[in-house]
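Report on one structure; see the data block that follows.
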Number of protein chains: 2
Amino acid sequence: MGVGVCLTGFPPGLNRRVSHFFLKKIIPEPARLTIRTTAELAKHVGLSRATVSRILNGHSGIKQKNIERVMRVVDETGFSPNPYSNILRGKRSATIAVYLSSFKQHAVVQKLADVVHRLAKVGYTALIETAENADHADITRWIMRMRAEGVIFVGQHTDSGLAAQVRELAAAGVPHVFTENFSDAKANIVTLDRTQGLELAANHLLDLGHRRIGLMGISDKVPVEVARLIGLRRALEARKLDPASALVSVGDPPARVSNMIFGREMAQRFASGPRMPTAFVTVNDEIAFGAIEGFRTLGLAVPGNVSVIGFNNEDIAKFASPSITTIDAEIEATAAAAVDFLLSQLLKGVVISARSRLLPSRLVVRESTGPANR
Amino acid sequence: MGVGVCLTGFPPGLNRRVSHFFLKKIIPEPARLTIRTTAELAKHVGLSRATVSRILNGHSGIKQKNIERVMRVVDETGFSPNPYSNILRGKRSATIAVYLSSFKQHAVVQKLADVVHRLAKVGYTALIETAENADHADITRWIMRMRAEGVIFVGQHTDSGLAAQVRELAAAGVPHVFTENFSDAKANIVTLDRTQGLELAANHLLDLGHRRIGLMGISDKVPVEVARLIGLRRALEARKLDPASALVSVGDPPARVSNMIFGREMAQRFASGPRMPTAFVTVNDEIAFGAIEGFRTLGLAVPGNVSVIGFNNEDIAKFASPSITTIDAEIEATAAAAVDFLLSQLLKGVVISARSRLLPSRLVVRESTGPANR
DNA sequence: CATTTTTTGCGACACGTGTCTGTTATTTGG
DNA sequence: CCAAATAACAGACACGTGTCGCAAAAAATG
């Protein structure tokens with residue numbers, strides 16, 4: 001009511017702006033009118049709220065002159081209707097939740113960025129949530145409460161408790177997609193074919209004559225990394241080699257607080273342990289970099305004495321010396337495929353479950369791998 | 001109305017869940033009840049909506065038995081009131097916009113992560129927006145339309161056109177804070193004292209006997225980097241040295257698509273140019289790393305022939321070899337100070353303008369700097 | 001049982017939007 | 001100038017919430 005009275009004759013907030021003007025005259029502040037609701041807009045152009053709404057929503061049967069008049073004011077003021085009232089009325093929220101495992105790994109963050117950009121391009125706002133400090137159930141319920149139309153999981157989600165939340169989402173009609181492996185049969189997954197990628201890596205090393213391969217960050221204890229192990233085993237078995245003796249692990253690996261530290265410490269463990277391998281596969285390029293630095297400190301040359309393969313094809317793999325042989329993460333392709341998968345469900349209004357798609361891997365051979373030296 | 005009828009006797013969506021149950025009996029799906037509104041909750045517990053609302057909002061004068069009954073159902077179902085209707089009613093949105101310059105620099109992303117965590121800890125949702133592909137005015141209006149209570153700018157925002165948006169925010173009563181330098185007198189800034197940081201760096205190099213310092217990524221053309229230049233000049237002038245001759249720039253620096261490439265190319269430019277400096281200060285650790293690799297390729301040892309100082313104290317500065325002397329970015333301290341600054345305004349209901357606070361820098365001396373070799 | 005106190009119910013309102021229905025105003029055509 | 005067509009309006013509704021005033025029921029007290 002009070003607002004209505006204020007509007008009769010004066011644009012709202014005028015008095016405030018005037019006093020501001022008197023306070024310091026340096027900046028003229030051209031008394032820019034602010035329109036907050038369609039009712040204000042209607043009053044300002046001298047039309048009814050219904051007509052303005054019809055114009056805003058592109059209905060027919062309206063005089064061109066009025067359309068232009070309204071649209072000009074819209075352009076000037078940057079007015080757009082309050083999204084919350086529309087969401088409340090049951091319209092789509094134009095929001096998609098992005099459930100990020102962590103901000104720590106920058107390959108993951110790059111994928112996040114790519115996903116966000118692609119969503120923005122088709123008019124969706126990304127609601128970014130991270131699992132670092134909160135409970136899965138809380139976040140999932142928050143996502144549903146915020147009326148997100150879908151969920152994209154970015155990064156490695158290892159907690160199997162998340163499976164229940166995914167089913168809850170599906171039951172509520174909210175489609176989802178993971179961009180990394182996830183150990184639940186009902187989950188939708190669009191991700192790089194790490195099995196094939198590590199098959200490529202293993203074959204590359206075997207071709208170079210390596211017969212003992214050390215694993216850094218790859219273990220059968222973590223379900224999401226099993227795919228990599230399968231690839232390694234497959235390549236070995238194809239050459240009648242025994243994976244159990246060809247693949248070498250470290251008993252109690254250090255905690256992975258920092259990739260580079262982890263790589264360096266793994267290098268030390270391997271070097272001081274029995275059955276030192278001649279080649280190593282790592283879970284990402286930073287670990288590979290740390291390992292190479294670790295080996296160098298120990299007097300072991302790369303690729304002279306040992307070979308190291310990274311993962312992701314980040315900048316550091318390109319520009320470290322030696323540059324690092326690695327498997328490309330195909331970030332853009334994965335993000336594009338995941339977003340497309342989700343959008344197609346939204347378009348059709350169908351919630352898909354238990355579908356997975358693998359994108360082919362690509363080995364990038366650089367300086368960190370060379371012939372086995374025995 | 002139809003929903004109301006459905007509710008009289010059956011929890012909503014029961015039929016759907018039952019058919020689902022018959023479809024595959026493997027998972028029992030314990031017919032979990034879903035509560036979507038306070039009205040449904042009230043009907044389910046046999047109370048009036050007003051009473052339930054009073055319970056949910058912690059009013060007094062309610063029987064303990066009913067409180068417990070309602071809260072138990074809330075815990076079971078994870079119900080929470082629709083945030084949109086409350087926002088629409090004018091209640092606070094509990095949302096703070098985070099305006100990110102880019103996802104590319106990971107020191108910036110780390111600060112983003114820290115800010116998001118701190119906001120989450122005090123009950124705020126972060127609305128992350130990036131300026132990479134959109135118009136400042138559009139984003140600012142979107143932020144205001146989303147009823148964000150404040151805006152935190154993370155990363156280097158160089159576009160001076162943003163100043164108008166900041167004033168628009170202030171005029172609308174939305175507080176803001178930058179976490180890096182920004183070239184507008186009305187902006188609030190909480191950031192690292194880069195002037196003091198580069199004073200430390202310059203003094204360190206001067207102590208080592210260096211008299212010609214090359215600049216990588218630091219230029220007086222970019223306003224936000226002027227602070228660094230001032231620090232360098234101040235240190236030089238304190239020792240009666242002429243900044244104009246002591247500081248060496250490259251005429252037409254390459255585009256900064258990748259930090260490491262940029263560093264490597266800058267190394268080549270300097271090495272092939274006149275007046276080759278004996279020491280370099282860079283704008284971040286990755287550029288320093290790239291430069292060191294570039295110098296190594298050219299047969300110049302670090303720190304034997306040239307010294308290099310990075311910025312941020314990222315992992316790569318710690319674990320590269322040589323490890324890199326750098327200035328710590330004080331990410332946590334900056335994020336904490338910025339969030340505190342914004343929250344205090346929200347708490348007091350005051351919008352502050354043109355306040356800036358500088359956090360002290362810290363030089364971390366490592367292997368990439370050594371005595372000048374002439 | 002009567003009276004007081006405590007607890008709950010009922011209905012309404014506001015927030016901003018898009019849409020619907022019936023009615024009135026304006027323009028167009030002859 | 002009149003009839004027909006077109007355009008605009010006014011008012012209502014639903015979405016879900018918190019709150020308010022008032023009435024009614026339930027409980028506690030004498």
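Below, read A as the first sequence line, B as the second, and so on, with proteins coming before strands; counting in each chain starts at 1.
Considering only the side chain of Arg54(B), dG9(C) comes nearest among dA8(D), dG18(D), dG9(C). Residue Thr37(B) has its side chain nearest to dG16(D) when only dG18(D), dA8(D), dG16(D) are considered. Taking every side-chain heavy atom of Arg89(A) into account, dC15(D) is the closest of dT27(C), dT19(D), dC15(D). Closest to the Leu47(A) side chain, of the nucleotides dC9(D), dC15(D), dT17(D), is dC9(D).
Phosphate contact (OP1/OP2 of dG18(C), side-chain N/O of His59(A), threshold under 4.0 Å): absent. Between Thr51(A) and the phosphate of dC9(D), there is a side-chain N or O to OP1/OP2 separation shorter than 4.0 Å. Checking the phosphate oxygens (OP1, OP2) of dC9(D), a side-chain nitrogen or oxygen of Ser48(A) falls inside 4.0 Å.
Without hydrogens or angle criteria, Gln345(B) side chain to Val351(B) main chain gives no donor-acceptor distance under 3.5 Å.
For the pair Lys65(B) NZ and dT6(C) P, the interatomic distance rounds to 18 Å; values are reported in whole Å. If you take CD1 of Ile62(A) and C1' of dA8(D), they are 9 Å apart, rounded to a whole angstrom. One atom, CZ of Arg145(A), and another, C1' of dG16(D), lie 11 Å apart when rounded to the nearest Å. Between the CE atom of Met146(B) and the P atom of dG16(C) there is a distance of 16 Å, rounded to whole Å.
Between Ala50(B) and Pro83(B), the residue whose closest nucleotide on DNA chain D is further toward the 5' end is Pro83(B). Comparing Asn82(A) and Val52(B) by the nucleotide of DNA chain C whose heavy atom lies nearest to each, the residue mapping closer to the 5' end is Val52(B).
When the shell of 6.0 Å around CZ of Arg355(B) is examined, it contains 12 or fewer heavy atoms from other residues, nucleotides or ligands. For His44(A), the NE2 atom is loosely surrounded, since the number of other residues' heavy atoms within 6.0 Å does not exceed 12.
Ring to ring, Tyr99(A) and His176(A) are not that close: their centroids are 6.0 angstrom or more apart.
You'll find a donor-acceptor pair under 3.5 Å spanning the side chain of Arg49(A) and the base of dG18(C), going by distance alone.
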